Amino acid sequence: MSRDVEQPEPDAVEEYVEAVLSLVEQIPPGRAMTYGTIAEFLGRGGPRRVGTIMAQYGGGVPWHRVVNASGRLVPGHEAEALRRHRAEGTPMRGRDRDHVDLDAALWFPDEPPATR
DNA sequence: GGAATGACGATAA
DNA sequence: ATTATCGCCATTC
C-alpha cells in the first residue's frame, strides 16, 4: 500500500504528558522518583523526554519529588524544592542535606501503568 | 535531513 | 565530589 502511516498525532504527545503528570501526582510525600525511573515505568520515551515535559507542564504536580539519578534537586528551583523536602521529612544526604537519599526515598508505584 | 537543544544517565578521569 | 564525553529520545531550527 502507499500512504505512509507516520503522522505524529498531537494526541499521542498529550497522552504521554498526562501519563507522566498523573504518575508524579501519585508520589507520596517524603518519597521521590527519578526521571529515568518514570520513563522506565511508562515503558516509552526516555529520561530526557520526561525532563523536558516536567519543565513545561510540571507546574501543577509535586515536581520537587522528581529528582535526577543522583538525587540532585531540580535545577533553578533547588531552594524551593529543598524547603519542601525538609517540610516533608524526605531522607536527605550530603553535607548540607541537599540531595535526596534515593536508597531510602525512591518510590515505585504499587500497580502497573494504566494500560493505554 | 542535519545540527542544536534539553528539569537525563552512565562512565571515565 | 566535579568535570567531560557520549548515548538516548524528541522537538525545533
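Predicted model, so just to flag it, every value in this text is computed and none were measured. Each chain gets a letter, A, B and so on, in the order the sequences are listed, and its residues count up from 1.
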What is the distance, to the nearest angstrom, from the CG atom on A:N68 to the C1' atom on B:dT11?
15 Å
What residues from residues 70-98 of chain A pass a heavy-atom cutoff of under 4.0 Å to DNA chain B?
A:V74, A:P75
Qualifying residue for ring pair (Phe, Tyr, Trp, His ring centres under 6.0 Å) with A:H85, from A:H99, A:H64, A:H77
A:H64
In whole angstrom, what separates A:L102's CG from B:dA10's P?
11 Å
Please state the P separation for the pair B:dA7 and C:dC13 - nearest whole angstrom.
15 Å
To the nearest angstrom, how far is A:E14 atom CD from C:dA10 atom P?
17 Å
Among residues 46-63 of chain A, which residues get a heavy atom nearer than 4.0 Å to DNA chain C?
A:G46, A:R48, A:R49
Cationic tip of A:R49 above A:Y16 ring, under 6.0 Å, 45° of axis:
yes
A:W63/A:I27 under side chain to side chain contact (heavy atoms under 4.5 Å, CB included): CA gap, chis, key distance, verdict
CA-CA 10 Å; A:W63 50 268; A:I27 305 175; over 6 Å; no
Are A:E78 and A:R83 within salt-bridge range, i.e. N to O under 4.0 Å?
no
Can A:M54 and A:V61 be said to form a side chain to side chain contact (heavy atoms under 4.5 Å, CB included), step by step?
CA-CA 9 Å; A:M54 284 305 286; A:V61 295; 4.0 Å; yes
When hydrophobic residues are tied together by side-chain contacts of less than 4.5 Å, even through go-betweens, does A:I53 share a cluster with A:M33?
yes
Atom-to-atom span, CG of A:L21 to C1' of B:dA7 - whole angstrom:
13 Å
Hey, are A:E88 and A:R65 close enough for a salt bridge, meaning a charged N less than 4.0 Å from a carboxylate O?
yes
Do the side chains of A:M92 and A:T90 get nearer than 4.5 Å, heavy atoms only?
yes
